[in-house]
Every structure is written in structure tokens, then in C-alpha cells.
2 protein chains.
Amino acid sequence: METRRTKQQQSIREVLAEAGRPMSVQEVFDAALTSVPTIGLSTVYRTIRRLAEQGEIAAVAVPGQPDRYELADVAATHHHHFHCTECDRVFDVRGCVGGLDRMLPPGFKLRGHELTLSGVCGGCAAR
Amino acid sequence: METRRTKQQQSIREVLAEAGRPMSVQEVFDAALTSVPTIGLSTVYRTIRRLAEQGEIAAVAVPGQPDRYELADVAATHHHHFHCTECDRVFDVRGCVGGLDRMLPPGFKLRGHELTLSGVCGGCAAR
DNA sequence: CCGCACAATGACAAGGATTCTCAATAACGG
DNA sequence: CCGTTATTGAGAATCCTTGTCATTGTGCGG
């Protein structure tokens, strides 16, 4: 089961890398179309799922909307997210919080956490 | 446009109130069936959506899974969530974090935040 | 440089979740 | 008790995601 390098996967990674923010599958698909006009939506779903399973990208959930994804090396640089309720885009924000394990009941084991701030982004607030 | 009191809506609220944790639509439906055996899935979706729009319940997102919902008065008592990666249930946890607005870029306006811890719950850890 | 094996693709079918549609039901004011 | 009409339940329709499969094209060995 070797792994082969294709322009489709290359494109998807580039899109995610250049975006600098978590993107939905549809967003990735639209962006990838400009560099690989024949790419199929299935391929984007497949590739993103595989990257997620391999831990190369991380999923970000927003209530009522499809998941977004971002590169794991970004995710590894511990940070969190900001969801603009106006334009529905998601941004990365730096910084974190501590003492989380103290919030848990006895017997619970903490493995990770995800903080999503919400409000209005700079662009939307300006208008 | 008056609002009428029905046993279906009553049941859905009771289920959410008694659960004490965020539930998916399917979970609410299953639980509501015991008190109102004829209730339809459509009604549960409709009612939950309306309650969410009215701000009576709040949505909780988990990557790759349908949203969960909990009563707003619970949500108002500021708290957060713990997602067990073993049994996939979501629990409420007390406590919070501060200084979040300092994490935002200039021009961004913070209106709310959602913290989701993940790991293994007490029950699953015991086994 | 060529050809083969098979991983990856793209188009479409299939599946699951959620919303929509509409005739039938049942609150609630009169 | 009656009529109005909000609400319901069943199923169709829609959206998002995964599965299927013939075709394509990568990477290796010759």
C-alpha cells in the first residue's frame, strides 16, 4: 500500500497552508478548482478525511455548520478559534488558558481541549 | 400567532431538563418516545430548532457529529463541556477561564465563547 | 525509456441528518 | 361545544458526506 503523490493532494495541502484559517470542505474545493480545474468533490472529501485520520489536519466544529479543517502543525502551535457570526468565517487566535484539569470531576482524564470564541470580526465590525 | 401548549413540547423540555447534559436530536427523540409514544422525529427537530432560535436552548458542536442541545438556563450558569472520546457522550463541567478578550486581534468584538474539553469520562476510564 | 501494478481519481449512487410539505389533529378563545 | 388555526406526523425533498467502480496516472522494475 504505497502512497502516491498527485497534484490534487498537493493542491489541497497548499490551499489549507495558504488560507491560514480553518476551511470547510466546500471552501477547499472551491479554492482547489482554480489550480486543478478537474478536481472532484469526492477527492477533496477523501483527501481531507485521510489527512484528518493521519493527524495531519485537525477538525474544528461550529454549531449548525459543517466542520472546518486546518493543518496540524498550525494546530500543534497551541491556539484557538474565533467564529464571526456575521460572515461565518473562522479565524485562528493565539494564546491559551490553563488549569483546565481542575474543572473535571474525579476519574475523568483530560486529553485535549478546544476553545471557540464568537463575535464579530474586524472586517464586519468596520461596516 | 398564539403559542399553544402541547404534550410533545412539554416532553421535549422535560427530557432536556432531566438529562443534565447536552443531547442530540436523536437522543431527545428516543427519550421522548417513552412519555409520548406517538411523537414524530420531525416534531423534535422543529421544536428544538425553535427553542434554539428563541434562545431557550443552546447548541453544542462536536467535530464529525450532530449538534447537541442544552437548556439555556443551564448554559447561562456559565460552564463548559467534556466530550468522552470512548462513549461519545458530552458532559457539563463547571468553572471557566478569563482574559479571553486579550487573545483577540484589534477590531474584533467578543460576544461569547465555548470551551470543549475532551478525553475519557469516569465510567469509561474505570473499564 | 517502456510497461505494468495498483493507488488515486472523478462521476454518480447511496446513506444519514435535517428541513420542507401538507393533510389531519387538537389547543384554546368564544 | 365549535371554529379557527397552530401544531403534529408521515413522507418527500435537500444538504452533506461516504461508498462504488470504471478509468486514470504514479512510481517501480526492467
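Only this structure's heavy atoms are used, side chains among them; waters, hydrogens and symmetry mates stay out. Within every chain, numbering begins at 1; the chains are lettered A, B, ... in the order of the sequence lines, protein sequences first and strands thereafter. All of these numbers come straight from a predicted model, not from anything done at the bench.
- For the residue pair B:A32 and B:S11, the shortest heavy atom distance occurs at CB-OG, 3.5 Å.
- Under 4.0 angstrom from either OP1 or OP2 of C:dA7 there lies no side-chain N or O belonging to A:Q9.
- Closest heavy-atom contact between A:I48 and A:I12: CG1-CG2, 4.4 Å.
- For A:Q10 and C:dA7, the CD to C1' distance is 17 Å, given to the nearest whole Å.
- Taking atom CD1 of residue A:I48 and atom C1' of nucleotide C:dA8, one finds them 16 Å apart after rounding to whole Å.
- Ring centroid separation for the pair A:Y45 and A:F29 does not come in under the 6.0 Å cut-off.
- Between A:E70 and A:R68 there is no salt bridge, since no side-chain N of the basic residue sits under 4.0 Å from a carboxylate O of the acidic one.
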Checklist outcome for this item: Protein-proximity profile, nucleotides 10-17 of chain C, B/S/- by nucleotide at the 4.0 Å heavy-atom cutoff, equals BBB----S

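- Considering only heavy atoms from C-beta on, A:T116 stays 4.5 Å or farther from A:H80 through its side chain.
- Between B:E56 and B:R13 there is a salt bridge, with a side-chain nitrogen of the basic residue lying less than 4.0 Å from a carboxylate oxygen of the acidic one.
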Checklist entry - How would nucleotides 23-30 of chain D be written as a contact map, 5' to 3', with B for base contact, S for sugar-phosphate-only contact and - for no contact, using protein heavy atoms under 4.0 Å? => result --BBS---

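- Whole-Å rounding puts the A:F29 CZ to D:dT18 P distance at 15 Å.
- The separation between B:Q54 atom CD and D:dA6 atom P is 15 Å, rounded to whole Å.
- OP1 or OP2 of D:dT8 has not a single side-chain nitrogen or oxygen of B:R50 nearer than 4.0 Å.
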Next on the checklist: With side chain to side chain contact (heavy atoms under 4.5 Å, CB included) as the criterion, how do B:L115 and A:L100 come out once you've worked through the C-alpha distance, each side chain's angles and the decisive distance to 0.1 Å?
Outcome noted: CA-CA 10 Å; B:L115 175 62; A:L100 296 178; 3.7 Å; yes

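- Screening residues 16-34 of chain B for salt bridge (charged side-chain N to carboxylate O under 4.0 Å, His left out) gives B:R21-B:E27 as the qualifying pairs, with residues at least two apart or on separate chains.
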